[in-house]
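Residue numbers start from 1 in every chain, and the chains themselves are labelled A, B, ... in the order their sequence lines are given, proteins ahead of strands.
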Amino acid sequence: MSMVEDAQVLPVTPKAQKRTNRPTSRGRLIFAKLARTPRFWVGTLTLLVIVLWALFGLAFYAYNATSQDVMSMNTAPTGNHWFGTDEIGGDIYAQTVVGLRKSLLIGFVVGPVSALLAGFIGALAGYLGGVWDRVIVWFIDLLLVLPALYILIMLYPLIKGGSWVIVMVYLAIFSWMILARVIRAQTSSLRDRDFVKAARFMGVKTSTIIRRHIIPNVSSLLIIDATLGVGAAILTETTLSYFGFGVQPPDVSLGTLLSSGTGAATTRPWLFIFPAAILVITVLATSLAGDALRDAVDPTSGANRD
Amino acid sequence: MTEPLTITGKRAPAVTPVLEVDNLSVTFGRGANEVKAVRGVSYHVNPGEFLGIVGESGSGKSVSSMAVMGLLPSSARIRGSVRFQGRSLLECSDAELSGIRGKDISMIFQDPLSALTPVYTVGHQIAEGLLLHDKKLSRQGAAARAVELLKLVGIPSPERRAEAFPHEFSGGMRQRAMIAIAIANDPQLIIADEPTTALDVTIQAQILEVMQEAKEITGAAVVLITHDLGVVAGNADRIAVMYAGRLVETGGVDEVFHAPAMPYTIGLLRSMPSMASSQSRLVPLEGRPPSLAALPPGCPFAPRCPLVIDACREAEPALSGTEEHPTHQAACIRSSEITSGKLTRSEVFPRPAPVLEGAPAGTDGREVLSLKGLVRHFPLLKGAVFKRQIGTVRAVDGVSFELGSGQTLGLVGESGCGKSTTIMEILELAKPQQGQIRVNGVDVADLSKRDRLKMRRDIQVVFQDPMASIDPRLPVHDVIAEPLTVHGVSKKDQQRKVAEMMELVGLDPEMASRYPHEFSGGQRQRIGIARALVTDPKILVLDEPVSALDVSIQAGVINLLKDLQLQLGLSYVFVAHDLAVVHHIADHVAVMYLGRIVEYGTSDDVFSRPRHPYTQALISAVPIPDPALERTRVRVLLDGDLPSPTDDIPGCNFRSRCPLYQLLPEEQRLRCRDEDPSLRTVDDTSVACHYAEHDALIDTVAKR
């Protein structure tokens, strides 16, 4: 319906005459649009509250994540134990707060890092083309077919020390490939677009073209992947922890709490519900903020057609 | 199986219209987003009649015909009545409509590539349409009929071609196949939505010819939707001009072209560059169609109308005719003044005066760009892992020309002739495969990396499609400033320069922090021009800069380019397939065919006395917006399409399509077959034809 689209473009009138002569930069325009989106504020403020809670949630609390209250085992939430206790009297509230710290760190490092890796490597392959493209794609395919978990198992004796940091790196390294191939395909079609050709004929450097033209034009995908990646990383960490990698007792993460609480979900729901609720809220808030960012970067998105 | 395609007896009596559209309106969206795309359109089409619907993009001409076909999305609200042979189409269910569509009413779309399914053979797709509406037809029968139809629309060796897939067809052949599908079931009405817009002029002429033939064979009425007045001039019986979702003028083709009664029609006619005259300036139709989301009261054309009076803004005038010409109707309260001759066409839209007169500033005609024997061959590879060369694409095969400062060179030819590859080679500023490119007297092959970067300031490019050539995610200021970022210009100077350039091309510098999608097509092309000019270049390479724009906007951009050349002393390499535009702007013209220049000379010489048969065919294919001239014109039609540039053709490579070759006696043809013609001087132009002095074709062209 291109003719309808055409008709909807509003006439450009020189409004806001009092505006200063200096034109607004892209960064400023994006932020101005973000600031006008309620979704963005709801998302970021919720995330801020969650982060602050993870940092200071135990400041005025009587128990910590490793303390065991033998007087009250398997109790439902009380004034004393806000989220209840488990079968050995561990305090769920304290464990949730401590676990959240770790999970936030894992999620917010792995999601964006893998999206960025995918963006740059994919864009580089797609833009350069030729031999470079083939080498990079070959490398991506190699990573895709590697039995990643077995490699981790084989390397485990070497990396025993900083276990969950290793898991973070592992997750980041093995989660960007599919998106990178998508980005590569999009980039190779963008490369033939006239505005990229124009930039090349102006003598703009390759790195600048990728940064200025390619990445913003594929950013919708990157942002979606980064926000979804946050939740995915937190949950994948659970799986690894289950196999004995990553976060090990007495250390806790949201993932380990969830997996140990699942069995009791119907009988002692507090073991499961609280960590699960926090995880859902975190992922939702991230998606909201990411969604708002995606709309802000895309000038033609419906929300900001002013 | 082989029943002839004749008018069957089921047609209604001659006076009843085939299609009657009454007060049709189409609305999209709701509330604040409501867009009234069509607002009360009424027209009728008589049996066997050829109606042309003309309008700018966004005028609602496509939406109204989609509504007739029942092809609009369900979110569209359609009111009014559409009667096809007395049957109300709007009340039909989708299943009932499917019985009518493709059988009694058929449609030809603009883009023949997306209208054909890529995974089925062309013959299969034609047969599909036949089998769908005739259950008794056998598969073999349908296949035989498909071949027959392909033959009818002029596809050579139809038996073999029916087995081919759409991607093996050229654009013109695909459109022929579409016409074959459209006439397959002997329809009563064919609706063609911009059927020739995506095609070259030579192919356009062929397709229009085929459409006329198809109309005569089936006796169907044709509704041709187009933005190009030239296309309808020679073909249509009646014309309806649409603006902002309404008809603003209808009438017989001669009435509308010779005595237009609505200022909008006058503006459209005046803004067209014409082959007949090469006046220095075109008449732009300023402004843009109004937004259909929130129309102010009064005539929607009032903001752009030079004849506007206060009464125009009060109420929207209805279509009305005069007593002498009841069929010629216009929606303008001042139309009687126009038709009575009180206001002449040149008074309504006067030719604007140029900003500067005389020769471009600060130029001495010195050579700024020269090509000598430029060659660009692409290897044709086959195989997945070990690629081997199976052929060569001769995209550019020895092109030479020179461009003086302050001059314009027009590079014309059909798509695929190598004109775009030529300018891309120039813009790369790299050592060509063969030959030499000199910019400002410097051979680009000898440049160091730094010098090459420096030279990029002097040579800039404007692309064809302003949608594609501007990054949609970059604010306009950053778009225009981009060339400056390469050369280490400070932020403050960038801002100053960008504001200056926006002023120069007629944009408000206040709009610098907006995104490109907020601008219209014409404004976007101005952004593209501003970006090209921001480094103060000497040479501008213009790759079809106006072909993606509406005619009315085209004129404004061409005038701007001419003014800028005079003000800044620029030299242009102007690539176009629209010869009328080139005639207006170019000093010299180079006609390209299959990677070579076949004719080169001054614009006046080439256009008034074309020597090469190809040039003659190109010029005669351009439609003229004058029905009387257009009907009496004798065309030099080219057969078929551009041959593949991989073919190695001995002798003259134009021979396969050459109309002159057909006329030559056998002993003279021999030379065309054996000897490759090189450019030689005939009178003042260079021509690559052995028989350029032969006047057989020139006489027919001169009659235009």
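Proximity to chain A is limited to the side chain of B:R531, based on heavy atoms less than 4.5 angstrom apart. Contacts of B:Q460 with chain A are made by side-chain atoms alone, with heavy-atom separations under 4.5 Å and no backbone atom involved. Contact of B:A499 with chain A is not made at all, since no heavy-atom distance falls under 4.5 Å. Heavy-atom distances place both the backbone and the side chain of A:R212 under 4.5 Å from chain B. Heavy atoms of B:T485 lying under 4.5 Å from chain A belong exclusively to its side chain. For a residue to count as touching a neighbouring chain, one of its non-hydrogen atoms must lie under 4.5 Å from one of that chain's; by this rule B:D478 touches chain A with the side chain only. For B:L474, the parts lying under 4.5 angstrom from a heavy atom of chain A are both the backbone and the side chain.
Listed for the B:R452 side chain is no donor-acceptor partner under 3.5 Å among the backbone atoms of A:G203. No donor-acceptor distance shorter than 3.5 angstrom exists from the side chain of A:R193 to the backbone of B:S469, with no hydrogens or angles considered. At distances below 3.5 Å, not a single donor-acceptor pair connects side-chain atoms of A:H213 with backbone N or O atoms of B:D471.
Between atom CZ of residue B:R457 and atom CE of residue A:M202 there is a gap of 13.0 Å, rounded to the nearest 0.5 Å. Between atom CD1 of residue B:I470 and atom CZ of residue A:F195 there is a gap of 10.5 Å, rounded to the nearest 0.5 Å. Separating the CG atom in A:D194 from the CE atom in B:M467 is a distance of 12.0 Å, to the nearest 0.5 Å. Rounding to the nearest 0.5 Å places CZ of B:R473 at 4.0 Å from OG of A:S220.
By the neighbour-count criterion of 12 heavy atoms within 6.0 Å, atom NZ of B:K497 is densely surrounded, having more than that number from other residues, nucleotides or ligands. With a 6.0 Å radius and a threshold of 12 heavy atoms from other residues, nucleotides or ligands, A:I178 has its CD1 atom at or below the threshold. A 6.0 Å sphere centred on CE of B:M455 holds more than 12 heavy atoms belonging to other residues, nucleotides or ligands.
Nearest heavy-atom pair, A:F201 versus B:R456, reported as atom, atom and distance to 0.1 Å: O-CD, 2.9 Å. The two residues A:P299 and B:P472 have their closest heavy-atom pair at CG-O, 3.0 Å.
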